[in-house]
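The basis for the numbers below is simple: all heavy atoms, side chains too, and nothing from hydrogens, waters or symmetry mates. What you see is a predicted model, and the numbers here were worked out from it, not measured in a lab.
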Amino acid sequence: MTSPSNTRTRPGQNASANYRAAVMWVLLSTGIFSLVFASAKFADGAASTAQILLLRYISGYGVVLWVASRWGGIRNHLRLRPKEYGLRAFYGVAAAAAITWASARMPIADATALGMLYAVLSVLLGILVLKERVGRGHWTAIFLSVIGAAVVMWGQGAFQAQVPILPAAVAFLSALLMAAEGLMIVRLSRRDPALTMMVSLGPYAIGLMLLPALLTWQPLDLATVLMCLALGPVATFAQYCTIRGFRIAPLSVVGPVDNAWLIFAALIGFFVFDERPGIALYLGGALILAGGIMLSRLQPKSSG
């Protein structure tokens, strides 16, 4: 039995339709991860970043193993390729830790603004490493998305007050790590279906986070434990959405979609942390939406 996500674009298939599907998958994952990345701020110091991530990874991996056991068996989905999956896990764990830590120590808008440099970096990686072709319409869509992101960031007050240097540097590091993670997801998804990727990744992610969590462990109340464990299945579904999107469109198409993260972060800041948005959110959001629609309607370019 094979995973239902084990599909890719074939000659003669409607590539534009696949791009639209990819954009929707990544948009969904972005909205979910916006909540997950704000988890340290929700916890308000009740748990360390490493504790949150470890508990999240453990509960999420439990869900993955249960699904795999029902869908062909765990052994059929496990791939022992430590160089590839270990590196993918390192990028993902380090990026999640960096943005979660930074978001808890600076305004969400500022942390998100720096983290969203990932969208630009992923386009560059797609061009330089994966040899993806980017045409005029593609660049126009990226430009609209980036300008929209800049408008949202400015409207949210990003960088209009003193920004703590260390959290800002960590947030920027998260952008580099997320771009590298996106590159690894694309490469692995060309070989393995989504469920196989998640089964193979889990042990590395848990192993990487175990020591940091133990070193920063602090007593947790039941409510905090349950919150951290609840994040696991949610983040696992978001990861599945990411892989689905990255399987069916180039990195230079799906990468800029993550600019929508700014809109989700602004909404979280408004509803939860009383960080009030203004007209810039609507204007910037419209530009990001326009860029996303253009990306979803792109026709594939020949690679040579």
Visitor: Any side-chain heavy-atom pair from Val64 and Leu195 closer than 4.5 angstrom?
Guide: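 SC-SC contact between Val64 and Leu195 confirmed.
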Visitor: Establish whether Trp217 and Leu53 are linked, either directly or via other cluster members, by ILVMFWY side-chain heavy-atom contacts under 4.5 Å.
Guide: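 Linked within one cluster.
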Visitor: For Val254 versus Ala22, what's the shortest heavy-atom pair and its separation?
Guide: CG1-CB, 3.9 Å
Visitor: What pairs with Glu132 under salt bridge (charged side-chain N to carboxylate O under 4.0 Å, His left out), at least two apart in sequence or on another chain?
Guide: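 For Glu132, no residue satisfies salt bridge (charged side-chain N to carboxylate O under 4.0 Å, His left out) once neighbours in sequence are set aside.
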Visitor: Do any side-chain atoms of residues 173-185 form donor-acceptor pairs under 3.5 angstrom with protein atoms, and if so which ones, sequence neighbours left out?
Guide:
from	atom 1	to	atom 2	distance (Å)
Ser174	OG	Ala171	O	2.4
Glu181	OE2	Arg88	NH1	2.7

Visitor: Please determine if Arg79 and Glu84 form a salt bridge, counting it only when a charged side-chain N lies under 4.0 Å from a carboxylate O.
Guide: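 Here Arg79 does not pair with Glu84 in a salt bridge, since their nearest N and O are not under 4.0 Å apart.
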Visitor: Which atom pair, heavy atoms only, marks the closest approach of Ile288 to Ser145?
Guide: CG1-O, 3.7 Å
Visitor: Rounded to the nearest 0.5 Å, what separates atom SG in Cys241 from atom CD in Gln239?
Guide: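 With rounding to 0.5 Å, SG (Cys241) is 9.5 Å from CD (Gln239).
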Visitor: Locate the shortest heavy-atom distance separating Leu144 from Ala290; write the atom from each residue and the value.
Guide: CD1-CB, 4.3 Å
Visitor: Rounded to the nearest 0.5 Å, what separation is found between the SG atom of Cys228 and the CG atom of Leu220?
Guide: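 These two atoms lie 6.5 Å from each other.
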Visitor: Does anything in residues 227-237 form a side-chain hydrogen bond (donor to acceptor under 3.5 Å, both in side chains)? List the pairs, not counting sequence neighbours.
Guide: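 Pairs touching residues 227-237 that pass the test: none.
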Visitor: Is Tyr61 reachable from Leu211 through a run of I, L, V, M, F, W or Y residues, each pair having side-chain heavy atoms under 4.5 Å apart?
Guide: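 No, Leu211 and Tyr61 fall in different hydrophobic clusters.
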Visitor: Measure the OG1-CH2 distance between Thr196 and Trp71 for me, rounded to the nearest 0.5 Å.
Guide: 12.0 Å
Visitor: What verdict does the side chain to side chain contact (heavy atoms under 4.5 Å, CB included) test give for Arg81 and Ser200, after you've listed the backbone C-alpha separation in whole Å, the side-chain angles of each residue and the deciding distance to 0.1 Å?
Guide: CA-CA 8 Å; Arg81 295 199 294 269; Ser200 303; over 6 Å; no
Visitor: Using a 4.5 Å cut-off on heavy atoms from C-beta on, say whether the side chain of Leu35 contacts that of Val234.
Guide: no
Visitor: Which value, rounded to the nearest 0.5 Å, describes the distance between Thr242 atom OG1 and Phe237 atom CZ?
Guide: 10.0 Å
Visitor: Could you measure the distance from the CG atom of Leu188 to the OH atom of Tyr85? Nearest 0.5 Å is fine.
Guide: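 So the gap between those two atoms works out to 5.0 Å.
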Visitor: Would you name the heavy atoms of Val123 and Pro256 that are closest together and state the gap between them?
Guide: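 Shortest heavy-atom separation between Val123 and Pro256 comes out as CG2-CG, 3.6 Å.
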Visitor: Report the distance from atom CG of Leu55 to atom CE of Met227, rounding to the nearest 0.5 Å.
Guide: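 Answer for the CG-CE pair, Leu55 versus Met227, is 9.0 Å.
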Visitor: Report yes or no: do Ile52 and Leu215 belong to one cluster of Ile/Leu/Val/Met/Phe/Trp/Tyr joined by side chain heavy-atom distances under 4.5 Å?
Guide: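 They do not share one cluster, since no chain of ILVMFWY contacts under 4.5 Å joins Ile52 to Leu215.
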Visitor: Using the side chain to side chain contact (heavy atoms under 4.5 Å, CB included) rule, take His77 and Asp192 through it: C-alpha gap first, then chi angles, then the decisive distance, then the call.
Guide: CA-CA 9 Å; His77 290 286; Asp192 298 328; over 6 Å; no
Visitor: Contact between Tyr57 and Leu201 at the side-chain level, heavy atoms closer than 4.5 Å - yes or no?
Guide: no
Visitor: Might you point out which heavy atoms bring Thr216 and Gln51 nearest each other, and give the distance in Å?
Guide: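 Nearest pair, atom of Thr216 first, then Gln51: O-OE1, 3.7 Å.
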Visitor: Can you see which heavy atom on Ala213 is nearest to which on Leu54, and at what distance?
Guide: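 In this case the closest contact between Ala213 and Leu54 is CB-CD2, 3.5 Å.
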Visitor: May I ask you to test the Pro167-Trp101 pair for a side-chain heavy-atom distance under 4.5 Å?
Guide: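 Side-chain contact under 4.5 Å: yes.
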Visitor: According to salt bridge (charged side-chain N to carboxylate O under 4.0 Å, His left out), does anything in residues 286-295 pair up with another residue at least two apart or in another chain? List the pairs.
Guide: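 For residues 286-295: none.
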Visitor: Give a yes or no on whether the backbone of Arg56 and the side-chain of Ser59 come within a donor-acceptor separation of less than 3.5 Å.
Guide: yes
Visitor: Taking the hydrophobic residues Ile, Leu, Val, Met, Phe, Trp and Tyr, and joining any pair whose side-chain heavy atoms are under 4.5 Å apart, which ones share a cluster with Leu222?
Guide: Leu226
Visitor: Going by ring pair (Phe, Tyr, Trp, His ring centres under 6.0 Å), name the residues that satisfy it together with Phe33, two or more places apart in sequence or in a different chain.
Guide: Phe37
Visitor: Find out if a path of hydrophobic residues (ILVMFWY) with successive side-chain heavy-atom gaps under 4.5 Å connects Met24 to Ile32.
Guide: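 No; Ile32 is not reachable from Met24 via cluster members.
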